[in-house]
Amino acid sequence: MGLLERLRKEWFIAGIVLVIAAARLEPAVGVKGGPLKPEITITYIAVSAIFFNSGLSLKTEELTSALMHVRLHLFVQIFTLVFFPTAIWLFLQLLSITPINEWLLKGLQTVGCMPPPVSSAVILTKAVGGNEAAAIFNSAFGSFLLGSSSSVPFTSIFSQLFMTVVVPLIIGQIVRRYIKDWLERKKPPFGTISSCVLLMIIYTTFCDTFANPNIDLDKFSLIIIVFIIFSVQMSFMFLTFLFSTRNDSGFTPADTVAIIFCSTHKSLTLGIPMLKIVFAGYEHLSLISVPLLIYHPAQILLGSLLVPTIKSWMVSRQKALKLTRQPKVPVKV
């Protein structure tokens, strides 16, 4: 396989490397308030485009079916809001005897309590080809559920979720009704479009990361925290994979993909306001925020790198299941 052909096949991974390099070279371009205005172009326009794209590509019956998949929703929400924070708390009891800064450890605990993000889990699920409808429901529901029960203004959360998730999704479904035949005939590259939007999100996220003065720790603490965060993400992704692929789980390979991303990702958009309210007046607020500021780009980077591997597993698993369900042809004697 030639270099150009290899790059064409692995364009998304190459894109990740390029956007991170660009963010490191000149982070001021993509930071909040910078020339690209990510607080508008990403938070509203890009996220709205993601869900309009989803509404356009998803069949209405798929959305309805996902809404009724109670077993999957319970798994994701219990893992996210109960198992995740409990496991992190137990893990931190061990870390408390180490010389790691106690405020960084408190920051890790707050990460465990955060809801899933609305955008990245959906995009990654779509990029793999998983149960996108289930990812949409659980990402939005998790943010809505935790946000409405916290000190973060309920009206602000509801209005943002409604305008960037619900409205574009409904509009996409309405438009789909009128161009359904054209969509089925032309088969637009919805997955590629979502992947391009994800590259934009990765770029602006790393611009914020590289430009953020709060991540001004000694190298030892920074390396330890980054290692812990990646280890936690990998461990929990593996756990959700194991639980959701058991023979008695009742989940399809596409369901497993949605579960992996929705159960292990955490929201920075909702998380930072929550931290500012809960820890208002704390002189160590910047240190408490560091784990979440690292977790957010780490989950996008790790998830993006795993897209080809998870997609390969899902496709092969679906083929294997399809073969086992085919009726056996009797052998003539």
Side-chain angles (χ1 to χ4, degrees), residues 16 72-102 104-117 120-125 127-128 130-131 134-135 138-139 142 146 202 205 209 220-249 251 253 255-268 271 288-314 317:
I16 293 173
L72 189 153
H73 306 328
L74 284 175
F75 182 98
V76 172
Q77 299 306 323
I78 291 174
F79 191 96
T80 304
L81 303 178
V82 180
F83 178 83
F84 200 125
T86 303
I88 290 293
W89 181 82
L90 291 172
F91 180 51
L92 291 179
Q93 302 312 300
L94 296 176
L95 292 181
S96 62
I97 62 175
T98 68
I100 300 175
N101 187 290
E102 65 171 309
L104 290 177
L105 296 182
K106 289 184 184 296
L108 279 173
Q109 180 66 75
T110 63
V111 168
C113 299
M114 295 300 166
S120 64
V122 174
I123 299 176
L124 289 168
T125 300
V128 173
N131 191 336
N138 281 282
S139 293
L146 192 58
I202 292 172
T205 298
T209 301
F220 174 76
S221 296
L222 187 59
I223 291 171
I224 291 296
I225 289 298
V226 170
F227 175 76
I228 290 172
I229 286 173
F230 271 97
S231 298
V232 165
Q233 287 189 34
M234 287 295 294
S235 299
F236 284 179
M237 290 178 82
F238 184 64
L239 270 179
T240 54
F241 176 80
L242 285 180
F243 290 151
S244 61
T245 53
R246 292 181 308 169
N247 293 332
D248 60 344
S249 69
F251 298 128
D255 291 339
T256 295
V257 174
I259 287 170
I260 288 173
F261 291 126
C262 291
S263 300
T264 58
H265 281 208
K266 296 295 181 178
S267 174
L268 180 69
I288 295 172
S289 304
V290 166
L292 182 59
L293 292 171
I294 296 174
Y295 195 98
H296 181 67
Q299 72 187 8
I300 294 176
L301 178 60
L302 182 61
S304 301
L305 291 173
L306 289 174
V307 162
T309 303
I310 298 176
K311 186 172 185 176
S312 177
W313 168 82
M314 188 191 74
R317 182 66 177 158

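No experiment lies behind these values; they were computed from the predicted model shown. We number each residue from 1, following the sequence as shown. All values below come from the heavy atoms of this structure, side chains included, with hydrogens, waters and symmetry mates left out.
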Donor-acceptor list for residues 86-99 side chains, cut-off 3.5 Å, not counting sequence neighbours:
from, atom 1, to, atom 2, distance (Å)
Thr86, OG1, Val82, O, 2.7
Gln93, NE2, Trp89, O, 3.0
Ser96, OG, Gln93, O, 2.7
Thr98, OG1, Leu95, O, 2.5

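Pro297 is linked by a side chain to side chain contact (heavy atoms under 4.5 Å, CB included) to Thr205, Phe206, Thr209, counting only residues two or more places apart in sequence or in another chain. Remark: Val111 pairs with Lys266, Pro291, Leu292, Tyr295 by the side chain to side chain contact (heavy atoms under 4.5 Å, CB included) rule, at least two apart or across chains. Listed by chain and number, the residues in a side chain to side chain donor-acceptor pair (under 3.5 Å) with Ser244 are Thr256 (sequence neighbours excluded). The ring-ring contact (aromatic ring centres under 6.0 Å, His included) check on Phe238 picks up nothing, with sequence neighbours excluded. For Ser120, the side chain to side chain donor-acceptor pair (under 3.5 Å) partners at least two apart in sequence or on another chain are His265. Scored by the side chain to side chain donor-acceptor pair (under 3.5 Å) test, Asp255 finds His69, Asn131, Thr252 as partners (sequence neighbours excluded).
Between Asn138 and Leu72, the closest side-chain pair of non-hydrogen atoms falls below 4.5 Å. Contact check for Val128 versus Leu124: no side-chain heavy atoms found under the 4.5 Å cut-off. Residues Ile123 and Phe261 form no side-chain contact, since every pair of their non-hydrogen atoms from C-beta on lies 4.5 Å or further apart. Residues Ile225 and Phe230 form no side-chain contact, since every pair of their non-hydrogen atoms from C-beta on lies 4.5 Å or further apart. Taking 4.5 Å as the limit, some side-chain heavy atom of Ser304 sits within range of a side-chain heavy atom of Ile300. Using a 4.5 Å heavy-atom threshold, the side chains of Leu108 and Ile229 count as touching.
Here CG of Asn101 is found 10.5 Å from NZ of Lys106. Values are rounded to the nearest 0.5 Å. For the atom pair CD1 (Ile259) and OG1 (Thr80), the distance works out to 10.5 Å, reported to the nearest 0.5 Å. Distance CD/Gln299 to CE/Met237: 10.0 Å, rounded to 0.5 Å. Here the CZ-SG distance, from Phe79 to Cys262, works out to 12.0 Å after rounding to the nearest 0.5 Å. With rounding to the nearest 0.5 angstrom, the CG atom of Leu293 is 12.0 Å from the CD1 atom of Ile288. Here the CD1-CZ distance, from Ile310 to Phe241, works out to 8.5 Å after rounding to the nearest 0.5 Å.
For the residue pair Pro253 and Arg317, the shortest heavy atom distance occurs at CG-CG, 3.4 Å. Across Phe84 and Thr264, no two heavy atoms sit closer than the pair CE1-O, 3.9 Å. Between Gln109 and Pro85, the shortest heavy-atom distance links the atoms NE2-O, 3.4 Å.
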* To do: Quick one: do Met314 and Val257 satisfy side-chain contact (heavy atoms from CB on, under 4.5 Å)? Show the steps, please.
  => CA-CA 8 Å; Met314 188 191 74; Val257 174; 3.7 Å; yes

* Should Ser263 and Phe75 be marked as a side-chain contact (heavy atoms from CB on, under 4.5 Å) after you check the CA-CA gap, both sets of side-chain angles, and the distance that decides it? -> CA-CA 8 Å; Ser263 300; Phe75 182 98; 4.3 Å; yes

* To do: Under the side-chain contact (heavy atoms from CB on, under 4.5 Å) rule, what do Ile228 and Ile100 come out as? Steps first, then yes or no, please.
  => CA-CA 11 Å; Ile228 290 172; Ile100 300 175; 3.9 Å; yes

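Sequence neighbours left out, the pairs with a member in residues 222-247 that pass salt bridge (charged side-chain N to carboxylate O under 4.0 Å, His left out) are Arg246-Asp248.
Judged by distance alone, with hydrogens and angles left aside, the side-chain atoms of Ser312 form no donor-acceptor pair with the main-chain N or O of Pro308 at under 3.5 Å.
Not less than 6.0 angstrom separates the ring centroid of Phe251 from the ring centroid of Phe243.
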